[in-house]
Novice: 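This is the structure, below, for whatever I ask next.
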There are 2 protein chains.
Amino acid sequence: MSADTDDGPTASPLRADARRNREQILRAAREVFTDQGPDAPLDEIARRAGVGIATLYRRFPRRDDLHRGVAVEVLTALIGAANRAAAEEDDACLALRRFLHTALDLKIGSVLPSLLGRFTADDVLDGLPGDAVEPVDALLVRAQAQGRIRPDVVFGDITLVIIRLSRPLPGGGRSAVDDALAHRQLDVYLDGLRPTGSPRPTTPLGGPAVDVEAFKRLRERLIDDAYGARADADDVSHDDSRADARVADVRADDG
Amino acid sequence: MSADTDDGPTASPLRADARRNREQILRAAREVFTDQGPDAPLDEIARRAGVGIATLYRRFPRRDDLHRGVAVEVLTALIGAANRAAAEEDDACLALRRFLHTALDLKIGSVLPSLLGRFTADDVLDGLPGDAVEPVDALLVRAQAQGRIRPDVVFGDITLVIIRLSRPLPGGGRSAVDDALAHRQLDVYLDGLRPTGSPRPTTPLGGPAVDVEAFKRLRERLIDDAYGARADADDVSHDDSRADARVADVRADDG
DNA sequence: CGCCATGTGGAGAGAATTTCTCCGCATGGC
DNA sequence: GCCATGCGGAGAAATTCTCTCCACATGGCG
């Protein structure tokens, strides 16, 4: 992220290492809140950030300050992605698709909903460069006008599903399969939004293909290694899971 | 649930009120584990079950006993639904669809994955009437043979998505919108699994249609009422969310 | 109807976890 | 090279959760 989320002119200039630590803390906080929820222990965040607990408290005296910081960071990235996607002139459906995959990577579903409610709307929204809702809705309307998405689909159908898909499978521990699988699932879901009579895609499904055997291995591993949920991709056949190639596939088949 | 999950001949016959309390505890435990995860405080479970904490400890001396009890209960219901679905001769796709909506209602995604890993496989699987994997996979194969699901879909594509869709939106508090929306999302997802060249459904999307305005209201409510996530269905337009009608729609359009 | 084995509730001690401060030491920047 | 700014970690205080004990209640049987 190149945006430094400048705190404005009121904040005294932070020393270089302090600024670096602040960013590490926010990154760690986003990870930990994603995995464990907004009440996760602060030591864990400090540990993952590689700083002492005192440093964390110095920079974010109350837990809510951390919540706010993470929310601002994630929302800023989200709004940037939305505006960039909306600026694409030609293919609204493809732009929307790419935006949704980005939102999935941001894991907004794991972070935001549990943080909202911890501060008032004004607190956060004031520091943000706009809102993601309008550009995304504009994309949806355009994609529908282009006949690429069925007309009775509404805004919540493309946004609220991201919240669910972006949450890690419960049981602790993020897994590489998890993330790639979410993108595969999103692709299937987006296929389901096409309008009546539109041609079905012939693109093979990307990402991990979990067949019965792989499923049973995953399950066994979950049961036996207590909390060994960090199953890696070794166990399932991979087609492809990079976003670029994914979107390229879509374009080739679809445009 | 009519199955009483009889503990076998070893257990001394429980007094009538004790048996009732035991069921209340299991029901409450399922709810609380669903909402808060497997480490949720036990007082909360006792409170929701309407019993004292001592009663809970008497029936389930260790936390894992509670985990096991809930897992057995949910898995038994799941296996029953799977076998019932697989027994339907004519329309495998419809049966699969109905089963997945049932699994969603069971909220297996919220309960099971976080409980697995808390006990060994044998502990639980011994008490179960089989396994849900085989009948469900058989359904999938049959639906593919009938040309109703694209052939490169694998078992994990229809099961793992349930785990994500059945988790409540984070931020505490279950919401009526949540549950109905998950079914709507599942329907869209299932549409995405149809094979190339199959006709698109003309069925209107059921469940809550969250348009931009409704979305903003939901968001506002989340932010302002700290943890007031129990948004009710009043704010979004409802088409229909009963499973029967949903499946009936599918059949009318699809068969 | 009445007895008693079985079951119940809740207070509270004890354990575990988490919060948050204090102070001696390190280091970036002029 | 100086010093304002920043750092780390120990540990006290607070909070939360666990689990037992015992006086009281009640279902089931004769």
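Proteins come first, then strands; the chains are lettered A, B, ... in the order of their sequence lines, and each starts at number 1.
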Novice: Using only side-chain N and O atoms of A:Arg59, determine if any of them is under 4.0 Å from OP1 or OP2 of D:dC7.
Specialist: yes

Novice: Which residues pass the side-chain hydrogen bond (donor to acceptor under 3.5 Å, both in side chains) test with A:Arg58, not counting sequence neighbours?
Specialist: none

Novice: Round to a whole Å and report the spacing from CD of B:Gln36 to C1' of D:dC17.
Specialist: 13 Å

Novice: Can you check the B:Ile45 CD1 to D:dC19 P distance for me, whole Å?
Specialist: 13 Å

Novice: So, using salt bridge (Lys or Arg N to Asp or Glu O under 4.0 Å) as the criterion, who are the partners of B:Arg27 when residues are at least two apart?
Specialist: B:Glu31

Novice: Bend angle of the helix from C:dC1-D:dG30 to C:dC30-D:dG1 from five-pair axes at both ends, rounded to 10°?
Specialist: 30°

Novice: Test of understanding: with side-chain hydrogen bond (donor to acceptor under 3.5 Å, both in side chains), list the residues that count as partners of A:Asp65, not counting sequence neighbours.
Specialist: A:Arg68

Novice: Separation of A:Asp39 atom CG from D:dT16 atom C1', in whole Å?
Specialist: 12 Å

Novice: Sequence neighbours left out, what passes side chain to side chain contact (heavy atoms under 4.5 Å, CB included) with A:Tyr57? Give chain and number order.
Specialist: A:Leu42, A:Ile53

Novice: Checking B:Ala82 now: which residues fulfil side chain to side chain contact (heavy atoms under 4.5 Å, CB included) with it, not counting sequence neighbours?
Specialist: B:Phe99, B:Ala132, B:Pro135, B:Val136

Novice: Would you give a per-nucleotide map of nucleotides 25-30 of chain D, 5' to 3', where B means the base has a protein non-hydrogen atom under 4.0 Å away, S means only the sugar-phosphate does, and - means neither?
Specialist: -BSS--

Novice: Kindly give the heavy-atom pair with the smallest separation between A:Leu100 and A:Leu190, and that separation in Å.
Specialist: CD1-CD2, 3.8 Å

Novice: Can you tabulate the close N/O pairs, meaning under 3.5 Å, that link protein atoms to atoms of nucleotides 8-13 of chain D?
Specialist:
residue	atom	partner	partner atom	Å
D:dG8	OP2	A:Gly52	N	2.7
D:dG8	OP2	A:Thr55	OG1	2.6

Novice: Rounded to the nearest Å, what distance is computed from the CZ atom of residue A:Arg63 to the C1' atom of nucleotide C:dT18?
Specialist: 9 Å

Novice: Would the distance check show the side chain of A:Ser166 and the main-chain N or O of A:Leu104 forming a donor-acceptor pair, the cut-off being under 3.5 Å?
Specialist: no

Novice: Sequence neighbours excluded, which residues qualify as side chain to side chain contact (heavy atoms under 4.5 Å, CB included) partners of B:Asp131?
Specialist: A:Arg219, B:Val133, B:Glu134

Novice: Test of understanding: with side chain to side chain contact (heavy atoms under 4.5 Å, CB included), list the residues that count as partners of B:Ala49, not counting sequence neighbours.
Specialist: B:Gln24, B:Ile25, B:Ala28, B:Val51

Novice: A:Asp64 CG to C:dC20 C1': how many Å, rounded?
Specialist: 16 Å

Novice: Between D:dC19, C:dC20, C:dT18, which nucleotide has the shortest distance from any of its atoms to the side chain of A:Pro41?
Specialist: C:dT18

Novice: Check the distance between D:dT16's P and B:Leu42's CG and give it to me in whole angstrom.
Specialist: 16 Å

Novice: Name every donor-acceptor pair, under 3.5 Å, that has one atom in a side chain of residues 154-164 of chain B and the other anywhere in the protein, sequence neighbours excluded.
Specialist:
residue	atom	partner	partner atom	Å
B:Asp157	OD1	A:Arg184	NE	2.7
B:Asp157	OD2	A:Arg184	NE	3.4
B:Asp157	OD2	A:Arg184	NH2	2.7
B:Asp157	OD2	B:Val154	N	3.0
B:Thr159	OG1	B:Phe155	O	3.1
B:Arg164	NE	A:Leu165	O	3.1
B:Arg164	NE	A:Arg167	O	3.0
B:Arg164	NH1	A:Gln185	OE1	2.9
B:Arg164	NH2	A:Asp178	O	3.0

Novice: Restricting to side-chain hydrogen bond (donor to acceptor under 3.5 Å, both in side chains), what partner residues turn up for B:Arg47, sequence neighbours left out?
Specialist: B:Glu44

Novice: Between A:Glu44 (CD) and C:dT19 (C1'), how many Å, whole number?
Specialist: 16 Å

Novice: Roughly how many Å is it from CZ in A:Arg19 to C1' in C:dG29, rounded to a whole number?
Specialist: 15 Å

